[in-house]
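Predicted model, so just to flag it, every value in this text is computed and none were measured.
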Amino acid sequence: MIDIKLIRENPDLVRENIKKKFQDQKLPLVDTALELDRANRAAINEASELRARRNQLSKQIGMLMGQAKKDPTKAEEAEKLKSEVKADGDRLAELEVLEDRYKSELRAVMMQIPQIIDPSVPIGPDDSHNVEVQRFGEAKVPEFEVPYHTELMERFGGIDLDAARDVAGSGFYYLIGDIARLHEAVLAYARDFMIGKGFTYMIPPFMMHGNIVEGVMSQTDMDAMMYKIEGEDLYLIGTSEHSMIGRYINRLIPAETLPHTLTSYSPCFRKEKGSHGIEERGVYRIHQFEKQEMIVVCRPEESMDWYEKLWRYSVELFRSLDIPVRQLECCSGDLADLKVKSCDIEAWSPRQQKFFEVCSCSNLGDAQARRLNIRFKDADGKIYLAHTLNNTVVAPPRMLIALLENNLNADGTVKIPEVLRPYMGGKEKLEKAPAV
RNA sequence: GCGGAAGUACCCAAGUGGCCGAAGGGGCUCCCCUGCUAAGGGAGUAGACGUCUAAACCGCGUGCGAGGGUUCAAAUCCCUCCUUCCGCGCCA
């Protein structure tokens, strides 16, 4: 959400931004917002004048009522004033309804107007125009054939999708034995990696109220992603970012504690509406997965530096697991409405001989902060909206695909990267095992 | 889940319809006094949001857990919800 003042002062900038995001159908919203804003302020002004009058007269009535005990004529005066105040009551009630209506209509419109994107964001209509910025590590194609990841996992007795379908439907999994252990090893390693970078480890709620959902994501994302608990004002989180940012609702953060650099663990639940391609079977796109996340809440002028740091942490982590990656920058049309700038870290798939998304790093600017009222008080006493960022450290089910494929040996075993071995009881490789 | 109590500013806390946007402490800030001190005295201390404004000050409005209602007028009366505490029950 952007500042209404920006629309008042510079509507053309806002329109230009909408065009850059190829959302021309939203252009009329700018005028709608201006109109509602004007009407809203007019209603506020008239209503507060009436309230001021009422307050004043009511005070006089109070005094007259007091005096009426000695002097009965004062009671008549009081009655006269009462009817005067009452006469304004209807108009005030009308204005109050208008105020509420304009306010909520304006908010609804403002929620649809996209965040102003960073000037550095490449312009393009959709994800086909995303830009590869840089590669890290050598993307190798082995001599031997690399099987589909579910087949690899089955080789080590590590997955049962059939039973998961019976129990919860497609999009769920049982991980078993060393694969399950490797999954947890990756999470534990990622957690410690971020703690080593000075981040604070946190485990947030896995459910949240509707108002938090609205604060952290756009309506379209919400419809496509979120599971609601029946009969309760509760949603399952789609990522720990949701409840981690929600934690800051209505907070006035002491400036000296900034930046807040946090790393959170949570399971994530997503509807993943619609059907997906043959390459998204197995544990690639699922309704439930686990993720280690990084969250930063910082001063506005620092958010771009943090953005750079955050995606580099992802690269560093994947490189420490011998997985080649690349940075892919989101173009304007592919950028979610709340985001100022965003990029994906993609891991190399030797089987597909292409990169696939494993991390998503975003600078939300003040968009979430304005929706959720997340502010900080500076040393000079002034109050500003904070900036929020998030990035994946690692989401193990999906990243295991890259891990298994890139560390596959010719003999069919999988090398366990050294950094993970302490979390695997010292084990150096995965070997054939029967499924249980 | 059942029963009971409570939510007032940074903290504690008074306040049951009208000069209450809110007594009194503590804390904090500033000042004064004093050389032996975790002493005494004085002053200040509702922030925030909205509106007005070129902007700021001022003014006005909102604001006593949240949302409704009654009333000329609500911290105060009524309703709903949330949270916390104490019992009982249940459960990792």
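- For A:Arg370 and A:Asp366, the salt-bridge test passes: some basic side-chain N is under 4.0 Å from an acidic carboxylate O.
- Side-chain proximity of A:Ser58 to the nucleotides B:U51, B:C72, B:C19 is greatest for B:C72.
- Checking B:G50, B:C72, B:A48 against the side-chain heavy atoms of A:Ile61 singles out B:C72 as nearest.
- A:Asp3 has no carboxylate O lying under 4.0 Å from a charged side-chain N of A:Arg8, or vice versa, which leaves the two without a salt bridge.
- The aromatic rings of A:Phe172 and A:His287 lie tilted to each other, with the angle between the two planes from 30° to 60°.
- Residue-level contact check: A:Ser48 touches the backbone only, with heavy atoms under 4.0 Å from sugar-phosphate atoms and none from bases.
- Stacking of A:Lys20 on the aromatic ring of A:Phe22 is not recorded, the 6.0 Å distance cut-off and the 45° axial limit not both being met.
- Considering only side-chain atoms of A:Asn45, the nucleotide from B:U51, B:G61, B:C72 that sits closest is B:U51.
- Among the protein residues, A:Leu57 comes within range of no part of the nucleic acid, since none of its heavy atoms lies under 4.0 Å from any strand.
- The CG-P distance, from A:Asn211 to B:C81, rounds to 18 Å in whole Å.
- Looking at the side chain of A:Lys377, the nearest of the listed nucleotides B:G47, B:C72, B:C60 is B:G47.
- In terms of phosphate contacts, A:Arg51 brings no side-chain nitrogen or oxygen within less than 4.0 Å of OP1 or OP2 of B:C60.
- In this structure, A:Arg53 does not reach the B:C60 phosphate: none of its side-chain N or O atoms is under 4.0 Å from OP1 or OP2.
- Contacts of A:Arg8 with the nucleic acid, taken as non-hydrogen atoms under 4.0 Å apart, involve only primed sugar atoms and P, OP1 or OP2.
- With both ends at atom C1', the span from B:G65 to B:U76 equals 16 Å, rounded to whole Å.
- With RNA chain B read from its 5' end, the first of the two nearest nucleotides for A:Lys5 and A:Leu81 is the one closest to A:Lys5.
- With both ends at atom C1', the span from B:C88 to B:U29 equals 49 Å, rounded to whole Å.
- For A:Lys59, no side-chain nitrogen or oxygen approaches OP1 or OP2 of B:G18 to under 4.0 Å.
- Within 4.0 Å (heavy atoms only), A:Asn55 reaches sugar-phosphate atoms of the nucleic acid but no base atom.
- A salt bridge is defined here as a Lys NZ or Arg NE, NH1 or NH2 lying under 4.0 Å from an Asp or Glu carboxylate O, and A:Asp31 with A:Arg15 meets this definition.
- One atom, CG of A:Asn250, and another, P of B:A66, lie 11 Å apart when rounded to the nearest Å.
- If you check every strand for non-hydrogen atoms under 4.0 Å, A:Ile383 touches sugar and phosphate atoms only.
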